[in-house]
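Below: the structure, in structure tokens.
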Amino acid sequence: MGGASHIQWEGNLLKLLDQRFLPEKEDYLECHTHLDVQHCIRDMIVRGAPAIGVAAGFAMVLAARFIIQSFHGKNTAFSWLDFETQLIEAGDSLKNTRPTAVNLSWAVDRMLIKSLAIKDKSPERLLEEMEQEAKNIFDEDIEVNKKIGEWGSTLIHDNFTILTHCNAGALATAGYGTALGVIKSAFYQGKNITVYADETRPFLQGSRLTAYELQKEGIPVFVIVDGAAGYHLNKGDINCIIVGADRVAANGDVANKIGTYTLAVLAKENNVPFYAAVPFSTIDMSIGCGKEIIVEERDSQEITHLKGIPLTPRGVKVKNPSFDITPSNLITALITEYGIIYNPNEKKMQQFVEKGGG
Ligand code: MRU
């Protein structure tokens, strides 16, 4: 996506493009405290696993600043121990906002480790170095996405029609995107590409965000309803499916937006390759298999209402798991910044991670 980033750090505040109102309105919200960022993550103003991690990195800088200022406010001397205790608390409350995406806890922990490693513990130095670390997380994410794009584009041939689900693009990352990064790289290489974007009920990341992003890039896109994917796969309209990931377990199982598993089963049935674009930071070797991944259950209003208009009978019960788990045996390959893992399984994941991805 060209133009200004949807995540903007202004030194003393974080500006986030409000994704709830895209594509009609491009409004930015200002976050002055880590609690503001927390609200933005919980309410999907910023969403997508890597983007949530990037926002959390800056939220930790805002939390650190707030804690340091509270020492000044109370006229008490800076205590390293108190600072660290309060920073861990702030990190924990951030982590709890959206439990499935591992990038959130990964970024919070990286910021905590950074703060512990700072030798000169003067508050000014602490803030400076934490701010630099948050900026590094942002910059590295774009680099990682471009490398995923390069690797992934080798799997995309001229005249391919690609099905994608949810939004794993610039809006879900610091910029460029993972699954959409692969599509963009192939397109920029001059390949003729068409994208089918699942609308992705209930938050409509596909029809609102993926279509918006691809249209801006000039990449041909058709929006389809989620239920039409099987029809198009069976008809032979689709050459491959590419999705993003919120967490990858040690055996290669992938947690991603609800509906991903359905697509993987349909892909297998119709002999269509199914790829997940996965930054190394999304792999969680502490989780043995997908069944252990906590799946976030979101508010029923996302299903029962659309922009305040009721879609279901009043009081009807709904279930709204936001993610599902795709077992690794349904995945043709994981595309990472270090290369492609074909037919992922526990052994291959272990070998890959032991080599540091490289
Ligand atoms: O609920 P969301 O919109 O945060 O879910 C996003 C997804 O499921 C993405 O596919 C995933 O986070 C990868 S984004 C690069």
Side-chain angles (χ1 to χ4, degrees), residues 1 6-7 16-20 22 40-56 97-107 137-138 140-142 144-149 152 163-184 197-210 212-213 226 241-248 254-264 274-284 290 293-299 302-303 320-326 331 334-337:
M1 202 178 53
H6 70 106
I7 302 176
L16 296 171
L17 178 61
D18 192 338
Q19 298 196 26
R20 295 170 305 176
L22 289 175
C40 286
I41 294 174
R42 186 176 292 116
D43 282 7
M44 310 273 277
I45 286 143
V46 61
R47 35 71 42 207
I52 293 171
V54 169
T97 50
R98 295 203 70 195
T100 306
V102 69
N103 309 60
L104 177 55
S105 47
W106 172 85
I137 294 175
F138 181 100
E140 287 167 22
D141 188 56
I142 298 178
V144 161
N145 291 342
K146 292 199 168 154
K147 287 193 184 129
I148 290 175
L163 175 65
T164 189
H165 190 62
C166 194
N167 170 266
L171 288 165
T173 58
Y176 204 68
T178 57
L180 291 196
V182 171
I183 290 168
K184 286 176 190 174
D198 263 355
E199 67 176 350
T200 319
R201 276 280 290 155
F203 196 69
L204 304 176
Q205 289 95 331
S207 52
R208 296 188 304 106
L209 310 178
T210 295
Y212 163 86
E213 223 182 291
D226 298 351
I241 299 178
I242 311 180
V243 297
D246 282 79
R247 196 182 288 252
V248 180
V254 168
N256 191 50
K257 180 53 55 194
I258 190 78
T260 301
Y261 168 62
T262 318
L263 287 179
F274 182 91
Y275 303 119
V278 171
F280 193 69
S281 58
T282 305
I283 300 172
D284 182 358
I293 297 174
I294 296 169
V295 171
E296 174 189 358
E297 184 86 27
R298 290 192 62 82
D299 199 294
E302 284 186 353
I303 291 182
N320 190 15
S322 196
F323 301 96
D324 61 23
I325 310 296
T326 301
I331 298 170
L334 299 176
I335 308 164
T336 80
E337 66 268 41

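Indexing begins at 1, ligand by ligand and atom by atom, following the structure's order.
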Do [X] and [Y] touch side chain to side chain, with heavy atoms closer than 4.5 Å?
{"X": "Arg98", "Y": "Phe323", "result": "yes"}
{"X": "Thr173", "Y": "Ile142", "result": "no"}
{"X": "Thr100", "Y": "Ile293", "result": "yes"}
{"X": "Leu171", "Y": "Arg47", "result": "yes"}

Between Ala51, Pro279, Ala172, Ala245, flag the one that comes closest to atom 13 (C) of ligand 1 by a heavy atom.
Ala245
For atom 15 (C) of ligand 1, which of the options Val46, Thr200, Thr178, Thr210 provides the nearest non-hydrogen atom?
Thr178
Test of proximity, [X] against ligand 1: N or O pairs below 3.5 Å:
{"X": "Thr173", "result": "no"}
{"X": "Gly48", "result": "yes"}
{"X": "Ile52", "result": "no"}
{"X": "His165", "result": "no"}
{"X": "Arg47", "result": "yes"}

Output the list of atoms in ligand 1 that are nearer than 4.0 Å to some heavy atom of [X], sorted by atom number.
{"X": "Ala168", "result": "14 (S), 15 (C)"}
{"X": "Lys257", "result": "1 (O), 2 (P), 5 (O), 8 (O)"}
{"X": "Pro50", "result": "14 (S), 15 (C)"}
{"X": "Gln205", "result": "1 (O), 2 (P), 3 (O)"}
{"X": "Asn256", "result": "7 (C), 8 (O), 9 (C), 10 (O), 11 (C)"}
{"X": "Phe323", "result": "1 (O), 5 (O), 8 (O)"}

Where's the contact between Phe203 and ligand 1, heavy-atom distance under 4.0 Å: side chain, backbone, both or neither?
neither
For a quick check under 3.5 Å, do Asn167 and Arg208 share a side-chain donor-acceptor pair by atom type?
no
In this structure, are over 12 heavy atoms from other groups packed under 6.0 Å from Tyr261 atom OH?
no
Run through Asp198, Ile258, Ile242, Ile241 and flag the one making a side-chain contact (heavy atoms from CB on, under 4.5 Å) with His165.
Asp198
Test side-chain contact (heavy atoms from CB on, under 4.5 Å), reference Val46, set Leu17, Ile41, Val54, output is Ile41
Indicate yes or no for a side-chain donor-acceptor contact from Thr210 to the backbone of Cys166 under 3.5 Å, with no hydrogens or angles considered.
yes
Nearest protein heavy atom to atom 7 (C) of ligand 1, by residue and atom, and its distance?
Asp246 OD1, 3.3 Å
Among protein heavy atoms, which lies nearest atom 12 (O) of ligand 1, and at what distance?
Ala49 N, 2.8 Å
Does [X] come within less than 4.0 angstrom of ligand 1, counting non-hydrogen atoms of the residue?
{"X": "Arg98", "answer": "yes"}
{"X": "Met44", "answer": "yes"}
{"X": "Cys166", "answer": "yes"}

Do you know which two heavy atoms are closest between Ala107 and Gly53, and how far apart they sit?
CB-O, 3.1 Å
Gap between atom CG of Leu204 and atom CD of Glu302 - 0.5 Å precision:
10.0 Å
Is the shortest side-chain N to carboxylate O distance from Arg201 to Asp226 below 4.0 Å?
no
